[in-house]
2 protein chains.
Amino acid sequence: MNASNKTERSRLSAEDWEDAALNLIADQGVGAVAVEALARQLGVTKGSFYWHFRTREALLQAALERWEQYGEREVINQIEAIPNPRERLPELFRRVAHELKPHRVYAALLKALDHPQVVPVMARVSQRRMEFLHTAYTQAGLPQTEALNRARLTYAAYVGFLQLNFTLGLPRISHEEFDAYVEHMIRTLIPA
Amino acid sequence: MNASNKTERSRLSAEDWEDAALNLIADQGVGAVAVEALARQLGVTKGSFYWHFRTREALLQAALERWEQYGEREVINQIEAIPNPRERLPELFRRVAHELKPHRVYAALLKALDHPQVVPVMARVSQRRMEFLHTAYTQAGLPQTEALNRARLTYAAYVGFLQLNFTLGLPRISHEEFDAYVEHMIRTLIPA
DNA sequence: ACCTGAACACCGTTCAAGT
DNA sequence: ACCTGAACACCGTTCAAGT
């Protein structure tokens with residue numbers, strides 16, 4: 001329950017609070033990040049929180065930046081590792097569709113875009129991913145402008161997909177139907 | 001400033017509070033709906049709020065349902081009024097892209113999907129709009145399954161589009177570039 | 001029927017004091 | 001260096017009393 005992987009230290013670091021905050025975000029959303037709840041979960045009083053951070057906002061900021069640096073980077077690295085450029089795009093679609101854990105924080109942040117601190121982080125992350133798509137479509141043979149617009153459309157489809165599928169559970173879809181949808185996306189969006 | 005269109009009545013109705021809440025949602029997001037702020041704006045004490053609503057949540061609920069009934073319906077009606085079925089889809093894309101006011105509340109709610117009350121409302125509205133797209137694609141000649149998947153993809157693109165363009169202002173796009181993007185969407189998603 | 005004003009709970013924040 | 005405990009501000013909620 002309150003067991004950290006750090007052999008039950010009695011003192012906490014700022015990183016401990018940030019990790020706890022990120023877990024809360026993934027599980028219950030940005031709104032669930034509350035000083036009192038976190039303190040209770042970590043087994044200290046809320047007063048101690050203010051030794052590590054100036055405000056609740058500062059914690060959120062630090063947690064988001066931590067995610068941007070560590071969690072985020074690996075998604076792009078993993079995909080850039082796909083050797084054949086022509087297979088990159090379809091492979092990317094299939095991976096995102098089937099390994100959704102790395103996208104949980106991203107999906108949670110997508111639902112919390114009314115928190116002003118979330119917006120710039122998501123803008124940077126989205127920007128980077130879209131540039132990646134732009135490059136991938138160029139390598140797949142689309143001319144510059146076409147490739148950029150296709151990247152925009154694809155990214156919009158990705159964002160909308162996370163929302164429709166997880167939050168707005170549009171009439172629950174079967175496993176086969178889901179796979180068919182993914183292949184439809186690939187056929188429609190990726191040049192032959 | 002505090003002038004309502006109701007000839008400066010001294011007493012308020014539940015609907016007055018709901019309208020004020022909806023305006024707040026469109027302008028500043030769901031998080032901005034606060035009892036004290038609303039009361040100030042309407043020129044009463046917050047105590048009076050509780051004659052009309054049991055809780056803040058009840059106000060939000062009522063406001064969302066009001067939007068679902070009135071504001072929402074007219075978007076679909078307007079589009080169903082387009083005579084030629086083959087022109088409906090491209091026309092729909094262009095209208096959504098250029099007349100965005102009716103989509104402001106929808107976009108605000110999209111950013112607030114971590115508020116549990118928002119989710120079912122958005123699920124219902126999205127469901128209805130997707131059914132409309134499904135029908136439109138069937139009328140445009142796609143077979144059933146294909147039409148459904150294309151409707152899903154299109155709706156995801158719509159949702160993602162609102163998010164990318166308004167919230168995550170991906171590098172500010174020019175007017176011409178924007179129109180080119182819309183035409184790219186039409187070419188890619190709508191069967192010839 | 002609609003509103004005031006005072007009270008309380010909850011949570012973010014401060015700070016003097018502890019180890 | 002990290003934490004406690006008491007205090008305060010802010011906002012949602014209650015309620016007896018006013019018109």
Side-chain angles (χ1 to χ4, degrees), chain A residues 1-25 27-64 66 112 114-118, chain B residues 1-25 27-64 66 112 114-118:
Chain A
M1 270 300 148
N2 60 18
S4 86
N5 53 2
K6 306 202 162 186
T7 65
E8 203 68 39
R9 311 183 347 196
S10 50
R11 299 288 161 121
L12 301 169
S13 67
E15 285 75 25
D16 293 326
W17 289 88
E18 293 167 15
D19 283 340
L22 275 177
N23 285 331
L24 256 180
I25 289 173
D27 289 347
Q28 316 193 44
V30 173
V33 177
V35 176
E36 222 165 358
L38 274 172
R40 217 178 304 132
Q41 182 189 322
L42 292 173
V44 291
T45 63
K46 61 182 176 173
S48 94
F49 170 84
Y50 291 89
W51 192 86
H52 300 284
F53 299 94
R54 233 169 31 82
T55 64
R56 190 202 97 114
E57 279 192 4
L59 167 64
L60 238 180
Q61 196 60 40
L64 291 174
R66 191 176 175 76
D114 57 345
H115 299 247
Q117 298 180 77
V118 172
Chain B
M1 274 298 151
N2 60 18
S4 86
N5 52 4
K6 305 201 164 188
T7 65
E8 205 68 38
R9 310 184 345 194
S10 51
R11 300 285 161 125
L12 300 168
S13 68
E15 285 76 24
D16 292 327
W17 289 89
E18 293 165 16
D19 282 341
L22 276 177
N23 284 332
L24 257 180
I25 289 173
D27 289 346
Q28 316 194 42
V30 173
V33 177
V35 176
E36 221 165 359
L38 274 172
R40 217 177 306 131
Q41 182 187 324
L42 292 172
V44 291
T45 63
K46 61 182 175 171
S48 94
F49 171 83
Y50 290 89
W51 192 87
H52 300 284
F53 299 94
R54 233 169 34 79
T55 65
R56 189 202 97 116
E57 280 192 4
L59 167 65
L60 238 179
Q61 197 60 40
L64 292 173
R66 190 177 176 74
D114 58 345
H115 299 247
Q117 301 180 76
V118 173

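Residue numbers begin at 1 in each chain, while the letters A, B, ... track the order of the sequences. Computed from a prediction, not measured in an experiment: that's the story for all the values here.
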Practice problem: Decide yes or no on side-chain contact (heavy atoms from CB on, under 4.5 Å) for B/F53 and B/V35, but give the supporting numbers first. | Solution: CA-CA 10 Å; B/F53 299 94; B/V35 176; over 6 Å; no
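One interatomic measurement links the two molecules: CZ of A/F49 to C1' of D/dA1, which rounds to 17 Å at whole-angstrom precision. Atom-to-atom, CD of B/E36 to C1' of C/dG5 comes out at 13 Å; the value is rounded to the nearest Å. For the pair B/F53 CZ and C/dC2 P, the computed distance is 11 Å after rounding to whole Å. Nucleotide C/dC10 holds its P atom 18 Å from the CZ atom of B/R56, rounded to whole Å.
Residue A/Y50 places at least one side-chain N or O closer than 4.0 Å to OP1 or OP2 of C/dT13. Between C/dA1 and B/H52, no contact under 4.0 Å exists linking OP1 or OP2 to a side-chain N or O.
Residue-to-nucleotide proximity on DNA chain C shows that, of B/W51 and A/T55, the 5′-proximal contact is made by B/W51.
The listed nucleotides are D/dT14, D/dA1, D/dG5; the one nearest the side chain of A/R11 is D/dA1. Nearest nucleotide to the side chain of A/T45, out of D/dG5, C/dT4, D/dC11: D/dG5. Comparing atom distances between the B/V44 side chain and each of C/dG12, C/dC3, D/dG12 picks out C/dC3 as nearest. Of the listed nucleotides (C/dT4, C/dG12, D/dC11), D/dC11 has the atom at the smallest distance from the side chain of B/K46.
Between B/H52 and B/W17, the ring planes are tilted. Angles from 30° to 60° get that label.
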Quiz item: Which dot-bracket notation, 5' to 3', represents the base pairing of DNA chain D when pairs are defined as Watson-Crick or G-U with both distances under 3.5 Å, crossing pairs as [ ], and inter-strand pairs as |?
Solution: ||.|||||...|||||.||
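Note: B/L38 CG to B/D16 CG = 11.5 Å, rounded to the nearest 0.5 Å. Here A/E36 contributes atom CD and A/T45 contributes atom OG1; the two are 10.0 Å apart, rounded to the nearest 0.5 Å. Put simply, OG on A/S48 and CG on A/L42 are 8.0 Å apart, with the number rounded to the nearest 0.5 Å.
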Can you give the donor-acceptor pairs under 3.5 Å from side chains of residues 54-61 of chain A to other protein atoms, not counting sequence neighbours?
from  : atom 1 : to    : atom 2 : distance (Å)
A/T55 : OG1    : A/E57 : N      : 3.2
A/T55 : OG1    : A/A58 : N      : 3.0
A/R56 : NH1    : A/V33 : O      : 2.3
A/Q61 : NE2    : A/E65 : OE2    : 3.2

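Within the 4.5 Å cutoff, the side chain of B/Q117 has no heavy atoms near those of the B/V30 side chain.
No engagement by B/A37 is indicated, since no non-hydrogen atom pair under 4.0 Å with the nucleic acid exists.
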